[in-house]
A.B. asks: 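Quick one: the structure is below, and I'll ask about it shortly.
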Amino acid sequence: MSKHARDSFSSKFGVIAAAAGSAIGLGNIWKFPYVTGLYGGAAFIIVYLGFITLIGLPIMLSEFVIGRKSRRNAYGSFKKLAPTSAWKYVGVFGIGAAFLILSFYGVVAGWSIRYIFFSFSDAYQGSSAEISLFFSSLVKNPTEPVFYQLVFMCLTGLVVVLGVHKGIENVSKVLMPILLVLILVLDVRALTLDGAMEGVHFLFNPDFSKLSFDGVLVALGHAFFSLSLGMGTLITYGSYVNKKNNLVKTAIQVTLADTIIAILAGIAIIPAVFAFGLEPSEGPGLIFITLPNVFQNMPGGAVFCMMFFILLTIAALTSAISILEVIVAYFTEELKLKRKVATVLATVLTSLLGVICSLSLGIYSGYTFFTLNVFDLLDFISANILLPLGGMLIALFVGWHLGKYKVFREIAQGGTLKGQFLVAFMFLVRYLAPISILIVFLKGIGLLDLIIG
Ligand code: PHE
């Protein structure tokens, strides 16, 4: 690579592996099953799928278009495409969101690493009360989770420092196929348990009476979180994509991969939970409390338990890499730092905030904001506020600022494009996506009720 050439992805599979690696993460395996459990099962999934197709997919394509057209980081891309306007602040917003998300993300990923070893420990042999106690004391402990979080953050930094092709692309190309195999093994295990069908029924037979408006808001936020949208991750990755790649196809493949893995994760978890007479509505502790109980009661459970947490850690790693890359790309291109320095700085800063997040579940749990501790606050603000708003602005930017002609020119490189597709896409990014996000969002924070009485 010459001194000034930008690092980039080298193959189509590499692009998909990296982008799907970003999308498929804790969101799919930790959050999706538990929010589905909390908000009513199949009905929630249907709303979520609607958001994914009508809002998520067009915004993903928008991010790819912005990134590949500008060949810049999340902030620099807006600055390049709209030099004299305020659009660049959308990028600043995204980089801020990256800090917040990565800090609590690293904490959960740290628990996941801890649980790989848990499968073969005494704690795993305990009663369900003991397993639950194990989790709550781990989370509250002032040092142990911090240690694992830092291990995870170092791993993330190591991959990112190697660069886009050598680090991110190569690691994703190896890890994503392993992830698929692991999840399929766990699916077969769950589906062959006696009593698994009740869980399948919960996942696939909608009961809309169980769906609340909160559920709709969470489904929207989760669509953004799960597809890594709204903060410039896919702008950054898009900026490393070759002009020969077909962006529409890539966006569809990544969205499908993310959705399929979320459903497969649901199938690996929920039927097993039902088979052992447990409840799927445990919330964030579902995979750390309920699931170990499930594994404990099945033959070969310790091995499956370990496989599950390896799967979770891999998923978290390829996503965390993409979040860190948003910050590192910004630091190297805008602040002109060397990649090494930028990576160390970004890793240290996000880890520090992460330590506060971890401690907010234990010794700092007395500090709350709107009744939420720092950990829950960051999760709530980023998924339900920053990402949807960021996504809305990205859609508006592509729909109104770039406009039809420029969008067409960018999308048409690397693929043929039907006129009707473009019309539909422009309608979605100009009107449908921003308006629906606004409605759900205003309703979510209670403003809509105030406005319309
Ligand atoms: N998509 C990731 C997940 O599902 C999380 C993520 C959010 C990654 C935002 C990048 C940007 O876990």
Side-chain angles (χ1 to χ4, degrees), residues 16-36 48 51-52 56-57 59-60 63-64 67 73-74 91 93-112 152-153 156 159-160 168 172 175-176 179 183 218-238 251 254-266 284 287 311-330 346 350 354 378-391 394:
I16 308 242
S22 169
I24 297 167
L26 295 175
N28 304 58
I29 298 162
W30 167 61
K31 251 186 165 182
F32 179 77
Y34 93 69
V35 285
T36 302
Y48 172 72
F51 284 145
I52 289 278
L57 185 59
I59 294 184
M60 182 180 293
E63 291 209 18
F64 281 151
N73 62 85
F93 197 70
I95 288 146
F99 269 104
L100 303 188
I101 294 184
L102 192 52
S103 58
F104 75 83
Y105 212 81
V107 175
V108 181
W111 301 341
S112 176
F152 177 80
M153 291 306 296
T156 309
V159 178
V160 170
I168 301 177
S172 310
L175 292 183
M176 294 318 284
L179 179 137
I183 205 161
V218 170
L220 179 72
H222 188 64
F224 279 96
F225 186 82
S226 190
L227 291 176
S228 306
L229 298 176
M231 55 168 252
T233 315
L234 298 179
I235 294 182
T236 310
Y237 273 17
V254 172
T255 304
L256 270 179
D258 185 70
T259 309
I260 291 171
I261 296 288
I263 307 259
L264 288 179
I287 62 170
L311 161 79
L312 188 67
T313 307
I314 292 179
L317 183 63
T318 51
S319 300
I321 291 168
S322 72
I323 309 178
L324 191 64
E325 178 61 22
V326 170
I327 308 173
V328 169
Y330 169 76
T350 44
L378 294 192
D379 183 5
F380 182 83
I381 293 189
S382 52
N384 295 346
I385 301 179
L386 294 181
L387 299 184
L389 278 188
I394 288 169

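Ligands are counted one by one from 1 in listed order, and the atoms in each one are counted from 1 as well. The model shown is predicted, which means the values in this text are computed figures rather than measured ones.
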A.B. asks: Check contact between Y105 and ligand 1, using heavy atoms of the residue and a distance below 4.0 angstrom.
C.D. replies: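 Contact present.
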A.B. asks: Write out the residue and atom name of the closest protein heavy atom to atom 8 (C) of ligand 1, then the distance separating them to 0.1 Å.
C.D. replies: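 Checking every protein heavy atom, the shortest distance to atom 8 (C) of ligand 1 gives S228 OG, 3.3 Å.
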A.B. asks: Test F32 against Y48 for ring-ring contact (aromatic ring centres under 6.0 Å, His included), laying out the working first.
C.D. replies: CA-CA 10 Å; F32 179 77; Y48 172 72; 5.4 Å; yes
A.B. asks: Considering non-hydrogen atoms only, spot the tightest contact between A223 and F51 and give its length.
C.D. replies: CB-CB, 4.1 Å
A.B. asks: Which protein heavy atom lies closest to atom 7 (C) of ligand 1, and at what distance to 0.1 Å?
C.D. replies: F225 O, 3.3 Å
A.B. asks: Going by distance only, is there an N or O of M231 that falls short of 3.5 Å from an N or O of ligand 1?
C.D. replies: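 M231 vs ligand 1: no N/O contact under 3.5 Å.
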A.B. asks: Hey, is ligand 1 close enough to G27 that some N/O pair sits below 3.5 Å?
C.D. replies: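 N/O-N/O distance under 3.5 Å: yes.
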A.B. asks: With a 4.0 Å heavy-atom cut-off (strictly under), which part of A23 contacts ligand 1: side chain, backbone, both or neither?
C.D. replies: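 For A23, the contact with ligand 1 is made by the backbone alone.
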A.B. asks: Are S22 and S322 linked by a side-chain donor-acceptor pair shorter than 3.5 Å?
C.D. replies: yes
A.B. asks: If you measure every N/O of S22 against every N/O of ligand 1, is any gap under 3.5 Å?
C.D. replies: yes
A.B. asks: Calculate, to the nearest 0.5 Å, the distance between atoms CZ and CD1 belonging to F224 and I59 respectively.
C.D. replies: 4.0 Å
A.B. asks: Would you call the rings of Y105 and F225 parallel, tilted or perpendicular, where under 30° means parallel and over 60° means perpendicular?
C.D. replies: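 Tilted: the ring planes of Y105 and F225 meet at 30° to 60°.
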